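Throughout, numbering of the chain's residues begins at 1 and tracks the sequence. All values derive from a computational prediction rather than experimental measurement.
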Amino acid sequence: MIRLYTASEMAACDKRTIEQLGIPSLILMERASLAIAEEVQKELTGKDGARVLCACGSGNNGGDGAACARILHMRGIDVSLHLLGDPSHRSPEMQTQLLWAQRLGIPMDPDPEWDSYTVIVDAIFGIGISREVSGAYRNTIEMINRFGRCVIAADIPSGIHADTGAVMGAAVCADTTVTMQHAKIGLFVGEGRVHAGNVRIAEIGILPLAEQLFSLDTTAFTQEDLIRLLPRRRPDGNKGTFGKVLVIAGSKNMCGAAYLAAYAALRTGAGMVKILTHETNRVILQQMLPEAMLSTYENFSEALDELDRGLRWCDAAAIGPGLGTDETAQALVGRLILNASCPVVADADALNVISAEGGVKILTDRRASFYITPHLKEAERLTGVPVQQIRNDSVRFAAAIAAGCGIICVLKDAVTVTAAPQQIVRVNTTGNDGMATAGSGDTLTGMLAGLLAQGMRGIDAASAAVCLHGSCGDLAAVKLGRRFMKAADITDSLSEYLKDLEGQGKEY
């Protein structure tokens, strides 16, 4: 996993490195600039007549850009500087770097023809931005986005909030971001993930932060982490060994979501899956998924009796997909919260019922470990916090839900954030916009329940399910195209994805 830092945590690392080790800021800047210059040179390979423009603000991020220009100039590359901000506000390091650049005769371009440059280095703002971008800064960012052929950002795209990934009025859209020493949260969440492009972490000699000083234990969860955590298959196992999942889903004549969740649980490796659903769904579910067992009801009391029997049988339960919010659904959700002792995944209509019954706080009165998987609108209904406010700080929002209720919160968005009560947060790094389709959440619910039934627990199970879901979505996008995908294609890609791991000689 990749440790993610806030701006203040990164500033503490800089300070510790400079004060404890005695490494001057200019030396760290020189190493940062070398890393940026190397990335620029990779982009220029094979391009004749290439020109580079370094757009520099007045702070140390601007100093990185000015130093990068000097390094490129000394390597024979046609490079110019575009300076922004009040000269009297320049940091000492920026003043020094600019002086050195001027002594080498590096040209200044106060009014660039942006599309005449092959590469633009964005060194306008660093990770410390905390207010909306306006004026000449905003105009420059808009010109870079409109005309920049290739944009390489120094540390973070200018205008992206380092802690939340929010766009502060305007932000550079980079093709590559060279971030220094430690990855920043804002490069992996919110709009920052899109604006950052390809993220390269450059080692420049900055010390890490002491573990006890992190406000949250935030990491980026990768496919390498998924491979390490997926449960191993026992050669001597049987269908009971690999776990039993109860899927409580599907109201009268509404079986699609129940099918998607149950199908995903089976494909993820669960030994047995039972669907608890309305009797009207029996025939079509038996035809669509004969491998699943069925437990059906026609009235309120039958539903509760079947739920009690199912809970005595299963190793993990999932509730909500297509369940509806009528009296029976409310009773099933309430009974499950009070009586379940196995891990429970609550999604979709189960979350809507919980919202109507008082919100996420009712989950504090339960016996089982609970996993909720809300998208942003469901999260708004659960908590009363507006969607935009949630999106603007998804990491801290998910962490607050998890800690406040003692549950695992899987906050679904373009970048899904998973949080545990112990102030642990994992940011997913897989998936694509083709997965933004009806039923995709139901497949995630089934995958998570399948992993729980096989013995995975806590944030490991949740973050692995999210990463697996995204990885299969990425594979489906390659095979089918993002516009063409549907939810079942994600689950259908499981076999090929896991077989590919086998082909690489990796255990899982």
Side-chain angles (χ1 to χ4, degrees), residues 231 240 242-249 258 261-262 264-265 268 270-277 295 303-321 323 328-374 378-379 382-383 398-399 401-411 418-422 424 441-442 444-466:
F242 299 122
K244 302 183 288 289
V245 177
L246 178 67
V247 177
I248 307 141
T268 306
M272 289 184 277
V273 173
K274 179 185 290 185
I275 306 172
L276 173 55
T277 190
S295 175
L304 295 183
D305 288 344
E306 291 300 321
L307 175 64
D308 290 341
R309 277 190 282 273
L311 289 177
R312 289 192 293 270
W313 169 83
C314 71
D315 299 305
I319 186 167
L323 187 65
T328 300
Q330 293 169 27
L332 286 167
V333 172
R335 185 80 147 243
L336 188 69
I337 292 171
L338 290 176
N339 291 353
S341 56
C342 67
V344 174
V345 184
D347 183 35
D349 281 330
L351 300 178
N352 293 329
V353 169
I354 290 168
S355 298
E357 293 296 320
V360 71
K361 62 186 179 184
I362 72 170
L363 295 177
T364 56
D365 186 19
R366 67 182 203 287
R367 287 191 295 160
S369 57
F370 237 80
Y371 301 73
I372 64 170
T373 59
E378 289 167 340
L382 284 167
T383 63
I401 291 278
C405 302
I407 60 177
I408 303 292
C409 177
V410 178
L411 182 61
T418 302
Q422 301 82 11
I424 301 171
D442 303 323
L444 174 60
T445 295
M447 287 183 181
L448 176 51
L451 292 180
L452 291 169
Q454 293 172 75
M456 291 192 75
R457 291 292 182 268
I459 196 168
D460 281 352
S463 48
V466 171

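- Within the structure, the side-chain hydrogen bond (donor to acceptor under 3.5 Å, both in side chains) test picks out the following pairs touching residues 349-364 (sequence neighbours left out): D349-N352, N352-R381.
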For this session: For side-chain contact (heavy atoms from CB on, under 4.5 Å), just list the numbers for F242 and M272, CA-CA rounded to whole Å, side-chain angles, deciding distance to a tenth of an Å, and then say yes or no.
Result: CA-CA 8 Å; F242 299 122; M272 289 184 277; over 6 Å; no
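- Note: I372 CD1 to L382 CG = 5.5 Å, rounded to the nearest 0.5 Å.
- In terms of heavy-atom proximity, A379 sits nearest to P374 at N-CB, 3.8 Å.
- We find the CG-CG distance between L307 and L246 to be 7.0 Å, quoted to the nearest 0.5 Å.
- Taking T418 as the reference, nothing meets the side chain to side chain donor-acceptor pair (under 3.5 Å) condition, with sequence neighbours excluded.
- Between P421 and G406, the shortest heavy-atom distance links the atoms CG-C, 3.6 Å.
- Annotation: the span from L304 atom CG to T328 atom OG1 amounts to 7.5 Å, rounded to 0.5 Å.
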Side-chain donor-acceptor contacts of residues 444-454 below 3.5 Å, not counting sequence neighbours, with atom names and distances?
residue	atom	partner	partner atom	Å
T445	OG1	D347	OD2	2.8
T445	OG1	G441	O	3.1
Q454	NE2	T268	O	3.1
Q454	NE2	G450	O	3.0

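- The side chain to side chain donor-acceptor pair (under 3.5 Å) test applied to E306 returns S295, R309, not counting sequence neighbours.
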In a table with atom names and distances, give each donor-acceptor pair under 3.5 Å that connects a side chain of residues 334-345 to protein atoms at least two apart or in another chain.
residue	atom	partner	partner atom	Å
R335	NE	D308	OD1	3.3
R335	NH2	D308	OD2	2.7

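- With sequence neighbours excluded, no residue satisfies side chain to side chain donor-acceptor pair (under 3.5 Å) with R312.
- Closest of all the heavy-atom pairs between D315 and R457 is O-NH2, 4.5 Å.
- C409 contributes atom SG, which lies 13.0 Å from atom OH of Y371 (distance to the nearest 0.5 angstrom).
- L323 has its side chain within reach of V333: a pair of non-hydrogen atoms, C-beta onward, lies under 4.5 Å apart.
- Once rounded to the nearest 0.5 Å, the distance linking CD1 of I408 with CD1 of I401 reads 13.0 Å.
- Considering SG of C314 and CD1 of I248, their distance stands at 7.0 Å, rounded to 0.5 Å.
- For the pair V273 and K244, the minimum side-chain heavy-atom distance is 4.5 Å or more.
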